[in-house]
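Working notes for the structure below.
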Amino acid sequence: MHIDIIAGARPNFMKIAPIIEAIRHSPFTTRSGERDANSEQRTALSYRLIHTGQHYDKKMSADFFEQLGIPEPDVNLNARSGTQAEQTARIMTRYEKLLLEAPVDLCLVVGDVTSTMACSIVAKKMSMKVAHVEAGIRSHDLSMPEEINRMVTDSITDYFFTTSEVANTNLRKAGIPEERIFFVGNTMIDTLLKNRPRFTPPPIWEEAQLEKGRYLVMTMHRPANVDEEQKLKAFMEAILNNVEDLPVIFPVHPRTGKILDRLGIEAKHLRLIGPLPYLEFNYLVEHSKAVLTDSGGITEETTVMGVPCLTLRDNTERPETITQGTNELVGTDPANIAPALRRVFSGNWKTGSIPEKWDGGTGERIVEVLLRLSR
Ligand code: UD1
């Protein structure tokens, strides 16, 4: 079976790394175009890595490939910036052209970004199978582009690889037959557990003389939170006024950076820095007092590392990070931030436990299923 593995934006890269690693370690697999001269066995699975180019800055893309040991993509569709429709259209037309020239049997997409949806539609319309890693999760919030991407992708997916029982239940409720749901765990956590011993302090550690447990990390990039300048300003003020003057380290996503520049927020304990590479970012998170974020993936990582996480959203597609993990929905009303931070500082934050199958073996489980499907 020939498969395409699709990656387009930053949160995709940590999800594909363990799948590619497991494929490379299997004696039954190879990369498209490669011949395993020593192998007597017929290769059951070959893969091609497609980068859509949705994220293209070194700090948003190449740094992750390098640190996570992901091989150079076979093809880069160079989608780059634009509106959601422009990006979707560019990815779709370019991926279609590629598949016309060199079709595959299955297209494997991960997560919920524009690239996930765009490539799955193209492949399905060309009668190829679609596998979705991180299928079945739902925020039920259609103001988030990611939710639309999840719904569209899952509506045409053939093989659903899931991270949680909640996702399995969502899919069953949608009428997906049991034999197409594979509860394999979380590839993002494979990457976290594998790389945890390699986490390394970023330059800001020395510069700001940070100490373990004596600073906070924040990230914010969701359009609903950052595109309205006054809302972003109110968030920042509520945070900065309630952190007992501990440093707040904010690695800024390009979308947020453009807006923060205009707002000109300054506080002596706020440190705005550029996007960090994977190993540096997670070093900061692992040793922080708490994280404030509107990301979904970070709530999974903080759950596994046992770090208090305050989610600045009204909903989540990852409820297990709340019911089992260290995450709480603080919401989008800045007035909720002070009481939540008080609980962090008084030591009254929950400790949490690690969800089932978030154990580092998900990439291998996915490849086992793919090999079964290819026979
Ligand atoms: C995307 C994903 C989101 C994910 C986020 C993480 C979708 C719908 N959203 O949102 O799920 O959490 O990535 O990073 O796919 N830009 C750069 N350099 C880059 C990439 C983007 O400057 O390498 C700029 C773009 O020009 C644009 C902004 O950042 O102005 C947003 O990028 P875009 O890919 O549209 O979506 P994200 O907000 O990054």
Side-chain angles (χ1 to χ4, degrees), residues 6-16 50-66 68 73 76-92 95 109-121 132-135 137-139 141-154 188 191 217-229 232 250-262 273-278 281-282 285 291 293-302 309 311-313 315-318 321:
I6 309 291
R10 184 171 60 179
N12 287 168
F13 307 138
M14 35 292 216
K15 292 173 193 168
I16 60 157
I50 312 294
H51 193 323
T52 65
Q54 181 184 339
H55 283 179
Y56 47 87
D57 284 352
K58 182 174 180 300
K59 286 181 171 180
M60 300 293 285
S61 175
D63 282 353
F64 287 78
F65 274 68
E66 199 184 303
L68 302 179
N76 193 319
L77 302 175
N78 281 317
R80 298 184 79 102
S81 297
T83 65
Q84 302 256 335
E86 286 166 344
Q87 278 182 330
T88 305
R90 275 200 294 273
I91 296 168
M92 286 183 71
Y95 188 46
V109 294
V110 300
D112 56 16
V113 303
T114 302
S115 306
T116 310
M117 178 191 72
C119 290
S120 62
I121 295 174
H132 183 201
V133 173
E134 202 184 90
I137 62 175
R138 295 287 183 274
S139 68
D141 175 358
L142 286 162
S143 70
M144 286 174 63
E146 293 81 0
E147 182 68 359
I148 300 171
N149 296 338
R150 290 181 202 113
M151 291 167 66
V152 173
T153 304
D154 282 347
M188 194 153 177
T191 296
V217 175
M218 77 172 283
T219 82
M220 261 218 260
H221 73 276
R222 300 227 166 263
N225 278 345
V226 303
D227 286 0
E228 246 180 82
E229 294 186 6
L232 179 59
F250 186 175
V252 178
H253 181 283
R255 171 192 286 282
T256 319
K258 290 173 198 165
I259 299 154
L260 282 175
D261 283 349
R262 284 200 295 274
I273 57 176
L276 286 174
Y278 184 81
F281 180 71
N282 279 293
V285 169
V291 174
T293 188
D294 61 5
S295 150
I298 292 173
T299 67
E300 298 181 341
E301 293 167 333
T302 47
C309 182
T311 290
L312 307 174
R313 287 172 51 189
N315 49 57
T316 177
E317 59 290 336
R318 294 163 163 92
T321 63

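In each ligand, atom 1 is the first atom listed, and ligand 1 is the first ligand listed. Side chains included, hydrogens not; waters and symmetry mates left out as well; all remaining heavy atoms used.
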Counting distance only, does the side-chain N/O of R90 pair as donor-acceptor with the main-chain N or O of L77 below 3.5 Å? no
Using a strict threshold of under 4.0 Å (side-chain N to carboxylate O), is an ion pair present between R313 and D294? no
Among all protein heavy atoms, pick out the one at the shortest distance from atom 21 (C) of ligand 1; state its residue, atom name and that distance to 0.1 Å. H55 CD2, 3.8 Å
Looking at non-hydrogen atoms alone, which of E86, Q84, Q87 comes nearest to atom 35 (O) of ligand 1? Q87
Short question: side chain of S120, backbone of M117 - any donor-acceptor pair under 3.5 Å? yes
List every atom of ligand 1 that sits less than 4.0 Å from any heavy atom of P254, numbering the atoms from 1 in the order shown and giving each element. 16 (N), 17 (C), 18 (N), 22 (O), 24 (C), 29 (O)
Min over M60, K59, R10, K258 of heavy-atom distance to atom 27 (C) of ligand 1 lands on K258
Answer side chain, backbone, both or neither: which part of P11 comes under 4.0 Å from ligand 1, heavy atoms only. side chain
Protein residue, atom and distance nearest to atom 18 (N) of ligand 1, heavy-atom basis: D57 OD2, 2.9 Å
Using modelled atom types only, decide if a donor and an acceptor are shared between the side chain of N149 and the backbone of D112 within a distance under 3.5 Å. yes
Short list, please: which atoms of ligand 1 are under 4.0 Å from a heavy atom of T114? 7 (C), 8 (C), 15 (O)
Output the list of atoms in ligand 1 that are nearer than 4.0 Å to some heavy atom of R255, sorted by atom number. 28 (C), 29 (O), 38 (O)
Could you tell me whether a side-chain N or O of T153 sits under 3.5 Å from a main-chain N or O of R150, the two making a donor and an acceptor? no
Atom 5 (C) of ligand 1: which protein heavy atom is closest, and how many Å away? H221 NE2, 3.6 Å
Near V113 (heavy-atom distance under 4.0 Å), the atoms of ligand 1 are 2 (C), 7 (C), 11 (O), 15 (O)
For L312, is there any backbone N or O sitting under 3.5 Å from a side-chain donor or acceptor partner on N225? yes
For a side-chain hydrogen bond (donor to acceptor under 3.5 Å, both in side chains) check, start with the C-alpha distance between T114 and T88, then their side-chain angles and the critical distance, and finish with the verdict. CA-CA 6 Å; T114 302; T88 305; 5.1 Å; no
Best match, R222, H253, E146: closest heavy atom to atom 3 (C) of ligand 1: E146
Give me the nearest non-hydrogen protein atom to atom 25 (C) of ligand 1 as residue plus atom name, then the distance to 0.1 Å. S81 OG, 3.2 Å
Look only at interatomic distance and state if N149 has a nitrogen or oxygen under 3.5 Å from any nitrogen or oxygen of ligand 1. no
Checking the side chain of Q54 only, and the main-chain atoms of R80 only, is there a donor and an acceptor separated by less than 3.5 Å? no
Output field: ring centroids H55/F64 closer than 6.0 Å: no
